[in-house]
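The structure appears right after this line, and notes come after that.
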Amino acid sequence: ADPSELSALVEQLLREASSTTSVSSAAQLVGLIVPHAGYPYSGSTAALGFKTLQGQTFARIFLLGVDHHSGLSTISIWNEGAFETPLGPVPINSDLAGKLLNEDPTLVVEPAQHLREHSIEVLLPFYRSTLGEQPMVPVSVGGAPKNGLRLGEALARLLKNTTGRTLIVASSDWSHYHNATDAAILDQCGIRHVLALDPDGLLRSAVSETTELCGLNGVLALTWLMRQASGTATLLERTDSAKGSGDTDRVVGYATILFSAFDLNFPGLGSPTPASSGQATSTSLKSQEAVSMTSIDQEFHQEALQAVRQT
């Protein structure tokens, strides 16, 4: 990608982001759910979320991505170096990555879950433009949805009683390839559970296919964690790919949701209920199964990856 063209596009999307919402500087735990498709389709929705963070600083930042490709059943952390983008590198917080790895033996360092994956990379130009070179920890949350709940628990143990602010960004698109009316119904069902900080309800809806989201694991982790922190969630936008493609017969749904919490003592800290961890083990769950990118997926995702990779 041409750095000047990409920078101009990202800055334009941020300027045009209409929300006047900003995160309170007193919030100790901040969360975002943002989409990861090509910028003509979901760029304005992602910009809306990152604009709320502009100029803020955090002691700890985690980016929770999807594993679209590898089919591995693990949660993988990239723990060194930097993610390169045409706008410059985003450094890895190696010390923080090591601490998270120590929280749970099922967390691994598995490069195969990251090398072909776009769900974090496409967010990094927005990250660079709003958060600068603050170091982060990228996490690929593969496998069954129980991994999302397990990651939420690991993050809670790591963050409990810490000082300094924490940001967690979960990358997810929502329903895939329904008409616009049906997509809105599916998305709104899941979004209602997220806004209620109800990970159990979200998981039940995903299992019953009354909602769809490809980043279910990361969204479960963030929603569960915010529930334990007695946080709040606000929907900034729900839309779909028709605004970029003009096609309302087959759309992908997108949403930006902002979370905040003010107490890292986690007054509500508990465990996922048996009902959650029961159905969560199904690896056939449509919303989170790892699949090869099809030609349909290419339309919404491939140009996003090309836009942010230099080679």
Open item on the list: Exactly one of Leu258, Asp173, Thr256, Ile257 should register a side-chain contact (heavy atoms from CB on, under 4.5 Å) with Val34. Which one does?
Closed with: Thr256

Open item on the list: I'd like to check the side-chain hydrogen bond (donor to acceptor under 3.5 Å, both in side chains) partners of Asn102; sequence neighbours left out, ordered by chain and number.
Closed with: none

TODO: Taking all non-hydrogen atoms of both residues into account, name the closest pair between Lys51 and Ala17 and its distance.
DONE: NZ-O, 3.0 Å

Open item on the list: Checking Ser44 against Glu16: is there a side-chain donor and acceptor pair closer than 3.5 Å?
Closed with: no

Task: Side chain to side chain, Val169 and Tyr127, heavy atoms closer than 4.5 Å - done: no

- [ ] Give the cluster check for Ile120 versus Val108: same hydrophobic cluster or not, with ILVMFWY residues linked at side-chain heavy-atom distances below 4.5 Å.
- [x] no

Task: Distance, nearest 0.5 Å, that separates CG of Leu9 from OG of Ser129 - done: 10.0 Å

TODO: Report yes if some heavy atom in the side chain of Leu202 is under 4.5 Å from a heavy atom in the side chain of Leu213; otherwise report no.
DONE: yes

- [ ] Apply side chain to side chain contact (heavy atoms under 4.5 Å, CB included) to Glu80 and list each qualifying residue two or more places apart in sequence or on a separate chain.
- [x] Ser94

TODO: May I ask you to decide if Gly88's main-chain N or O and Thr85's side chain share a donor-acceptor pair within less than 3.5 Å?
DONE: yes

- [ ] Begin from the C-alpha positions of Gln28 and Thr166 and carry the test side chain to side chain contact (heavy atoms under 4.5 Å, CB included) through to its verdict.
- [x] CA-CA 6 Å; Gln28 295 302 293; Thr166 298; over 6 Å; no

Open item on the list: Checking the side chain of Arg128 only, and the main-chain atoms of Leu87 only, is there a donor and an acceptor separated by less than 3.5 Å?
Closed with: yes

Task: Contact summary for Ala144 and Asn217, nearest pair of heavy atoms - done: O-ND2, 3.4 Å

- [ ] Name all residues meeting the side-chain hydrogen bond (donor to acceptor under 3.5 Å, both in side chains) criterion together with Lys160; count only those two or more places apart in sequence or in a different chain, and write none if there are none.
- [x] none

Task: Donor-acceptor under 3.5 Å (Thr45 side chain, Tyr254 main chain) - done: no

Task: Side-chain (Gln56) to main-chain (Val23) donor-acceptor, under 3.5 angstrom - done: yes

- [ ] May I ask you to test the Tyr39-Val10 pair for a side-chain heavy-atom distance under 4.5 Å?
- [x] yes

TODO: Please name all residues satisfying side-chain hydrogen bond (donor to acceptor under 3.5 Å, both in side chains) with Thr130, sequence neighbours left out, ordered by chain then number.
DONE: none

Open item on the list: Tell me every residue that passes side chain to side chain contact (heavy atoms under 4.5 Å, CB included) with Gln188, counting only those two or more places apart in sequence or in another chain.
Closed with: Ala184, Arg192

TODO: Name all residues meeting the side-chain hydrogen bond (donor to acceptor under 3.5 Å, both in side chains) criterion together with Thr239; count only those two or more places apart in sequence or in a different chain, and write none if there are none.
DONE: none

Task: Non-hydrogen side-chain atoms of Pro138 and Ile92 separated by less than 4.5 Å - done: yes

Open item on the list: Nearest 0.5 angstrom please: Asn147 CG to Thr106 OG1, how far?
Closed with: 6.5 Å

Task: Test side chain to side chain contact (heavy atoms under 4.5 Å, CB included) applied to Thr162 - qualifying residues, sequence neighbours left out - done: Arg60, Leu159, Leu264

Open item on the list: Quick check on the hydrophobic clustering: are Leu101 and Leu225 connected, directly or via other members, by side-chain heavy-atom contacts under 4.5 Å?
Closed with: yes

Task: Ser171 side-chain N/O to Ser119 backbone N/O, donor-acceptor pair under 3.5 Å - done: yes

- [ ] For Phe83, enumerate each residue passing the ring-ring contact (aromatic ring centres under 6.0 Å, His included) test, keeping only those at least two apart in sequence or located in another chain.
- [x] Trp78

- [ ] Only counting residues at least two apart or in another chain, list the ones meeting salt bridge (Lys or Arg N to Asp or Glu O under 4.0 Å) with Asp263.
- [x] none

Task: Any Val252 side-chain heavy atom under 4.5 Å of Tyr177 side chain - done: yes

Open item on the list: Donor-acceptor check, side chain of Arg157 to backbone of Glu103, threshold 3.5 angstrom: yes or no?
Closed with: yes

Open item on the list: Within the structure provided, determine whether Leu197 and Trp224 are in side-chain contact (heavy-atom separation under 4.5 Å).
Closed with: no

Open item on the list: Quick one, Gln134 and Phe58 - any side-chain contact, counting heavy atoms below 4.5 Å?
Closed with: yes

TODO: Might you work through the side chain to side chain contact (heavy atoms under 4.5 Å, CB included) test for Phe62 and Leu155, ending with a clear yes or no?
DONE: CA-CA 10 Å; Phe62 301 90; Leu155 287 166; 4.0 Å; yes

Task: Closest heavy-atom pair and its distance - Pro35, Leu123 - done: O-CD2, 3.3 Å

TODO: Using a 4.5 Å cut-off on heavy atoms from C-beta on, say whether the side chain of Ile61 contacts that of Val137.
DONE: no

Task: Minimum heavy-atom distance Leu195-Leu235, with the two atoms named - done: CD2-N, 3.6 Å

Task: Check: Ser245 side chain, Ser241 main-chain N or O, donor-acceptor pair, under 3.5 Å - done: yes

TODO: Ignoring hydrogens and angles, tell me if any N or O in the side chain of Thr223 forms a donor-acceptor pair with the backbone of Leu220 under 3.5 Å.
DONE: no

Open item on the list: Taking salt bridge (Lys or Arg N to Asp or Glu O under 4.0 Å) as the cut-off, I'd like each qualifying pair that reaches into residues 177-190, sequence neighbours left out, listed once.
Closed with: Asp187-Arg238

- [ ] Sequence neighbours left out, what pairs pass ring pair (Phe, Tyr, Trp, His ring centres under 6.0 Å) with at least one residue falling in residues 183-221?
- [x] none

Open item on the list: Please determine whether a side-chain nitrogen of the Lys or Arg among Arg227 and Glu153 lies less than 4.0 Å from a carboxylate oxygen of the Asp or Glu.
Closed with: no

Task: Donor-acceptor pair, side chain of Ser208 and main chain of Ser205, under 3.5 angstrom - done: yes

Open item on the list: Run the side chain to side chain contact (heavy atoms under 4.5 Å, CB included) test on Asp104 and Arg150 for me, step by step, so that the C-alpha distance in whole Å, both residues' side-chain angles and the decisive distance to 0.1 Å come before the verdict.
Closed with: CA-CA 8 Å; Asp104 192 312; Arg150 190 154 193 162; 2.7 Å; yes

Task: For Ala242, side chain to side chain contact (heavy atoms under 4.5 Å, CB included) partners two or more places apart - done: Asp240, Thr248, Val251

TODO: State, to 0.1 Å, how close Ala27 and Val30 come at their nearest heavy-atom pair, and which atoms those are.
DONE: CB-CG2, 3.9 Å

Open item on the list: His36 vs Cys214, test: side chain to side chain contact (heavy atoms under 4.5 Å, CB included). Steps then yes/no.
Closed with: CA-CA 10 Å; His36 54 240; Cys214 61; 3.5 Å; yes

Task: Smallest separation among heavy atoms of Ala221 and Leu64, with atom names - done: CB-CD1, 4.2 Å

Task: Side-chain donor/acceptor of Glu212 to backbone N/O of Thr210, under 3.5 Å - done: no

